[in-house]
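Quantities reported herein were computed from a predicted structural model and do not represent experimental measurements. Counting from 1, the numbers follow the sequence of the chain as shown.
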Amino acid sequence: MKEGKLAPMATDSSTLFMEYLWDPDAEFREKINTIMHLNILEIGTKKAITIDADASIQEVCKLLGESGVKKVPVVSDNKVVGILLRSAIINYLEKQYLEQAKTTHQAG
């Protein structure tokens, strides 16, 4: 035995397990393979959350708040015509508020 080298049996058994027997990537690959063979309806929801194109901002805010989603498809005549994101609503309301504040400040 060379000086400074440990015999394989001198290593800790948990180290031996981690280095030689357990492949962390194997578990990940197994989970990915399982997911890749799922039907899309097994992953998603069967009842889609949508909002009508004629809905008000109050209605869409209520829907997003109650459902807990961050975006919602917008439909017209049972066809998706867009997607409304929570962040887009916030940006729109922020612009409206700032424009109103600016107009009020200039008038006063």
Side-chain angles (χ1 to χ4, degrees):
M1 191 162 123
K2 291 185 181 178
E3 208 172 278
K5 297 280 184 178
L6 297 177
M9 299 311 270
T11 60
D12 183 288
S13 62
S14 63
T15 303
L16 182 66
F17 173 76
M18 293 298 287
E19 290 180 359
Y20 298 107
L21 302 178
W22 185 63
D23 178 7
D25 292 333
E27 183 179 350
F28 175 75
R29 282 192 301 273
E30 182 180 330
K31 288 180 180 180
I32 290 295
N33 285 336
T34 301
I35 291 170
M36 297 306 284
H37 292 96
L38 291 175
N39 181 299
I40 195 69
L41 291 176
E42 294 178 78
I43 298 170
T45 179
K46 293 182 182 181
K47 184 179 179 197
I49 299 170
T50 62
I51 191 84
D52 191 75
D54 295 326
S56 68
I57 289 195
Q58 291 86 358
E59 291 172 306
V60 76
C61 287
K62 182 178 178 183
L63 176 67
L64 292 173
E66 290 175 352
S67 66
V69 296
K70 293 182 181 180
K71 51 191 152 199
V72 62
V74 180
V75 295
S76 179
D77 296 325
N78 293 321
K79 293 182 182 179
V80 176
V81 295
I83 296 178
L84 190 55
L85 283 70
R86 185 185 304 174
S87 60
I89 296 169
I90 292 169
N91 289 337
Y92 172 79
L93 292 173
E94 179 184 28
K95 281 183 184 179
Q96 295 300 312
Y97 173 79
L98 291 174
E99 286 177 20
Q100 183 178 357
K102 183 179 178 181
T103 303
T104 303
H105 183 265
Q106 289 175 348

Residue pairs meeting side chain to side chain donor-acceptor pair (under 3.5 Å), one or both in residues 52-77, sequence neighbours left out, come to Ser56-Gln58, Ser56-Glu59
Taken to the nearest 0.5 Å, the spacing of Gln106 CD from Thr104 OG1 works out to 9.5 Å
### Query
Quick one: do Val75 and Ile51 end up in the same hydrophobic cluster if we chain Ile, Leu, Val, Met, Phe, Trp and Tyr together by side-chain heavy atoms under 4.5 Å apart?
no
Cluster overlap Ile57 with Val72, hydrophobic side-chain contacts below 4.5 Å
yes
Scan the side chains in residues 82-92 for donor-acceptor partners under 3.5 Å anywhere in the protein, sequence neighbours excluded, and list what turns up.
{"unit_1": "Arg86", "atom_1": "NH2", "unit_2": "Val69", "atom_2": "O", "d": "2.7"}
{"unit_1": "Asn91", "atom_1": "ND2", "unit_2": "Ser87", "atom_2": "O", "d": "3.2"}

**Asked** Is a salt bridge present between Glu99 and Lys95, judged by a nitrogen-to-oxygen distance below 4.0 Å?
**Response** no
So NZ of Lys47 and CD1 of Ile49: to nearest 0.5 Å the spacing works out to 8.0 Å
